[in-house]
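Let me begin by presenting the structure, written as structure tokens, before commenting on it.
Position 1 is the first residue of the sequence, and the numbers go up from there. All heavy atoms count here, side chains included; hydrogens, waters and symmetry mates do not. Start at 1 and go down the list; that is how both ligands and their atoms are numbered.
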Amino acid sequence: MPAQLIHESFLIAKVAMERANRILFTTHERTDGDDLGSVLALALHAMKSGKDVTVAITGGVPQQLRYLAKSEIVVEDIQSNEHYDLLVISGCSVLDRVNNPNIANLNVPSINIDHHPDNSMFGTVNVVDADKSAVAELVYDFFKFSGWEIDAEIANCLLTGIVTDTGVFMHSNTKASTLFAAAELMQKGARVATVAKHTYQGKDVPSLKAWGKALENAQYDPEKKLVFSVITDDEFEDLDKLPVTAFEGVVENLNKVPEAKFAMFIKQDNGRIKGSLRGDPHKGVDVKEVAKTLGGGGHKWAAGFSMVGKLAKNSQGKWEIVKS
Ligand code: 5GP
Ligand code: MN
């Protein structure tokens with residue numbers, strides 16, 4: 001979206017948030033640091049302004065993100081007859097990703113705030129900028145535009161979004177403006193080291209072992225120039241008991257192989273399979289397009305998909321996705 005349009009959408013979103021009394025905030029199922037950090041920053045501001053705030057996220061908040069202020073108020077669902085003046089959705093290219101019919105069927109004005117290039121512009125107001133490293137960087141711009149105070153708790157939420165979506169400033173989406181935003185958030189009291197400790201560095205021993213298995217299973221397909229790995233629930237009797245974040249970072253490691261054009265990690269997950277793909281600008285494969293062929297989406301260099309099905313080896317010993 002051109003800068004002029006983004007500023008116009010900021011203005012409409014600011015007025016909508018200031019006028020509303022009862023605001024519902026949400027993001028996608030299996031939320032992550034960016035989308036949760038973004039909605040909590042906005043929810044914290046709304047609470048400070050005396051609004052009646054609900055934050056509902058399908059699947060709740062993963063353990064390692066519970067250090068974020070007010071993450072304890074997050075509920076998993078809403079009552080179908082509940083009334084809200086405004087719905088704010090972060091990080092969802094389509095409303096379906098919220099995976100909650102009670103929210104999808106609400107008939108209220110909505111603010112759709114996101115940085116996915118394939119956002120379907122489903123909101124009443126669409127604040128969408130695919131040039132931003134993270135939704136949190138866009139929310140930071142929105143706070144600056146609106147003249148709203150960024151206190152230490154809000155700064156921590158926004159820095160969490162930026163740190164997680166840039167892979168601690170290592171991904172190609174990190175720009176000078178990203179670092180300026182992060183620097184100001186640190187001045188307001190947030191700490192990169194604290195965010196990294198909670199998100200990237202915190203792994204228990206079972207998670208480290210699961211990581212080891214995922215790396216051991218890595219294979220290189222010279223035809224597709226793809227490095228991939230899989231984890232099936234047969235390999236881990238207690239795969240379900242691992243923290244949802246156990247495999248976070250695996251696909252970035254697979255993507256380190258220089259001769260590969262992209263990397264994919266697939267994990268079996270309660271009758272579904274969840275795939276993560278990573279590329280790189282110098283490698284040139286738009287992984288969002290690969291993910292789309294499997295019913296998913298995302299960004300050029302980081303994408304994913306989820307489908308009902310399982311992993312099985314074919315007669316040549318190669319892994320295949322068996323759709324249910
Ligand atoms: P991750 O591999 O970290 O789960 O996801 C990387 C990116 O891919 C996310 O930021 C999101 O944009 C996208 N993504 C992941 N899973 C899905 C999915 O099931 N559907 C769609 N449309 N996008 C996904
Ligand atoms: Mn994001």
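Considering both main-chain and side-chain atoms, Asp32 never comes within under 3.5 Å of ligand 1 through any nitrogen or oxygen pair. In terms of polar-atom proximity, defined here as any N/O pair under 3.5 Å, Gly304 does make such a contact with ligand 1. Remark: ligand 1 and His116 share an N or O pair separated by less than 3.5 Å (distance only, no angle test).
The shell of residues lying under 4.0 angstrom from ligand 1, judged by heavy atoms, excludes Arg30.
Less than 4.0 angstrom separates some heavy atom of Lys274 from each of these atoms of ligand 1: 4 (O), 15 (C), 16 (N). Every atom of ligand 1 with a heavy atom of Phe305 under 4.0 Å away is listed here by number and element: 16 (N), 17 (C), 18 (C), 19 (O). The ligand atoms of ligand 1 that sit less than 4.0 angstrom from a heavy atom of Ser276 are 1 (P), 2 (O), 4 (O).
By heavy-atom distance, the residue among His299, Arg278, Glu29 lying nearest atom 6 (C) of ligand 1 is Arg278. Taking all heavy atoms of Ser306, Gly297, Gly298, Gly296 into account, the minimum distance to atom 24 (C) of ligand 1 is reached by Gly297.
Taking 4.0 Å as the cut-off between side-chain N and carboxylate O, Arg22 and Glu82 count as a salt-bridged pair.
Using modelled atom types, one side-chain atom of Asp34 and one backbone atom of Val135 make a donor-acceptor pair closer than 3.5 Å. Judged purely by atom type and a 3.5 angstrom limit, Ser110 uses its side chain to pair as donor or acceptor with the backbone of Thr124.
With a 4.5 Å cut-off on side-chain heavy atoms, Tyr67 and Asn156 count as touching.
Applying the side-chain hydrogen bond (donor to acceptor under 3.5 Å, both in side chains) rule to pairs touching residues 189-205 yields Asp204-Ser207, sequence neighbours excluded. Judged as a ring-ring contact (aromatic ring centres under 6.0 Å, His included), the pairs with a partner in residues 19-49 (not counting sequence neighbours) are, in order, His45-Phe143, His45-Trp148.
Neither side chain, Asp52 nor Asn21, offers a donor N or O lying under 3.5 Å from an acceptor on the other.
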